[in-house]
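Below is one structure; the comments refer to it alone.
Computed over heavy atoms, backbone and side chain alike; hydrogens, waters and symmetry mates excluded. Throughout, a chain's letter reflects where its sequence line sits, starting with A, and its residues are numbered from 1.
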There are 2 protein chains.
Amino acid sequence: MAQHIYGRPYEETKHGPLFRPCAPHSVLARLGDKWTILVMSHLAVASGHRLRFSELMQGIEGITQRMLTLTLRNLERDGLLARHYFPEVPPRVEYELTVMGASMLPALEGFTSWIRDHWPRIEECRRAYDEARK
Amino acid sequence: MAQHIYGRPYEETKHGPLFRPCAPHSVLARLGDKWTILVMSHLAVASGHRLRFSELMQGIEGITQRMLTLTLRNLERDGLLARHYFPEVPPRVEYELTVMGASMLPALEGFTSWIRDHWPRIEECRRAYDEARK
DNA sequence: CGGGATCCATGAGGATACTG
DNA sequence: CAGTATCCTCATGGATCCCG
């Protein structure tokens, strides 16, 4: 029988619950990568007007051209980002969040605040753990 | 000046907002890995009684001993999981979520439901994107 | 039983150079 | 300006074997 806990599906077997890796996890995996949230946040702040490639680069400390390009392509592929290309000389490209993309960060806000509230304790636990095994 | 958007900090400069990679992101990165959520979910279902290493292995399809060990160690290090070791022969080890660990999945539930609601559309966007560039 | 140790394949991510 | 194209390093994760 299919069950859920906190939105995650599992099957109830005679040996106990059985969890499987599932496809939607790719969304969390993407969010967990190094630059995605920073790019989306920058676009969210700009909400209303689009941002150019160079503006995004300037606004995200340490990102390289390559990683910005890859991050933007992945977001575009998922339908979270719209890319507007103008074949002028020199070329101009503008980016903005789609409606779906704009709805994502607010949905994550509850968890973001959980992290903010618990981060000091987590850091403390890590230090204690590392210290005990040094 | 320090500002925030959806809980994420950034600095307002004369060239526009500036975002930096920040440490708490490691929590999201950990959640984005392959097994963490499945392990935590299994422990959450068992809430009230502890689970043994072998029970966790059985309940998570495809996980190897090595990855289960690594995932458990990381959770323990962050203070999300408690490990109880009994030096018998053969040895027995029991795991349970800490109070902080137990509070994490509920905090994530809002975003989990966002994923569930938007997943079909994301899949559709990916197919369309891949099709257009084939 | 619950790992640790080791080896290996893959992919993320960084540095640099080049281009339509 | 907004990328590609290469090359490189390192971390993640899988497979296998061994051990107290």
Open item on the list: Please tell me if A:S54 has a side-chain N or O lying less than 4.0 Å from either OP1 or OP2 of D:dA2.
Closed with: yes
- [ ] Figure out the NE2/C1' separation between B:H84 and C:dC1, and round it to whole Å.
- [x] 18 Å
Open item on the list: Output the rounded distance in Å from CD (B:Q65) to C1' (C:dA5).
Closed with: 13 Å
- [ ] Measure from CE on B:M57 to P on D:dA15 and round the result to the nearest Å.
- [x] 11 Å
Task: Separation of atom CD in B:Q58 from atom P in C:dC1, rounded to whole Å - done: 10 Å
TODO: Identify the heavy atoms of A:L105 and A:A44 that sit nearest to each other, and give their distance.
DONE: CD1-CB, 4.1 Å
TODO: Starting at atom NZ of A:K34, determine the distance to atom C1' of D:dT9, rounded to an integer number of angstrom.
DONE: 13 Å
Task: Single-linkage hydrophobic cluster, 4.5 Å side-chain cutoff, A:V39 and A:M57 together - done: yes
TODO: Measure from CG on A:N74 to P on C:dG11 and round the result to the nearest Å.
DONE: 14 Å
Task: A:R52 side chain, from C-beta outward: closest of D:dA2, C:dG13, D:dG3 - done: D:dA2
TODO: Answer with base, sugar-phosphate or nothing: what part of the nucleic acid does A:F86 contact at a heavy-atom distance below 4.0 Å?
DONE: nothing
Open item on the list: Within the 4.0 Å heavy-atom criterion, would you say B:R30 contacts the bases, only the backbone, or no part of the nucleic acid?
Closed with: nothing
- [ ] Would you mind reading off the distance between B:R83 atom CZ and C:dC1 atom P, rounded to a whole angstrom?
- [x] 16 Å
Open item on the list: I need the CD1-P distance between A:I63 and C:dG14, as an integer number of Å.
Closed with: 8 Å
Open item on the list: Which nucleotide wins on minimum distance to the side chain of A:T64, given the candidates D:dG14, C:dG2, C:dA15?
Closed with: C:dA15
Task: Exercise: do B:H42 and B:E55 side chains pair donor with acceptor under 3.5 Å - done: no
TODO: Could you pull out the closest heavy-atom pair between A:P21 and B:E61, with the gap in Å?
DONE: CD-O, 3.5 Å
- [ ] Output the single nucleotide from D:dG3, D:dG14, C:dG20 whose closest atom is nearest the side chain of B:W35.
- [x] D:dG14
- [ ] Test for a donor-acceptor pair under 3.5 Å between the base of C:dG13 and the side chain of A:R66, counting only N and O atoms.
- [x] yes
Open item on the list: C:dC1, OP1 or OP2 - any side-chain N/O from B:Y95 closer than 4.0 Å?
Closed with: no
- [ ] Please figure out whether B:F53 or A:L70 has its closest DNA chain C nucleotide nearer the 5' end.
- [x] B:F53
Task: Pairing of B:R121 and B:E124 as salt bridge, 4.0 angstrom limit - done: yes
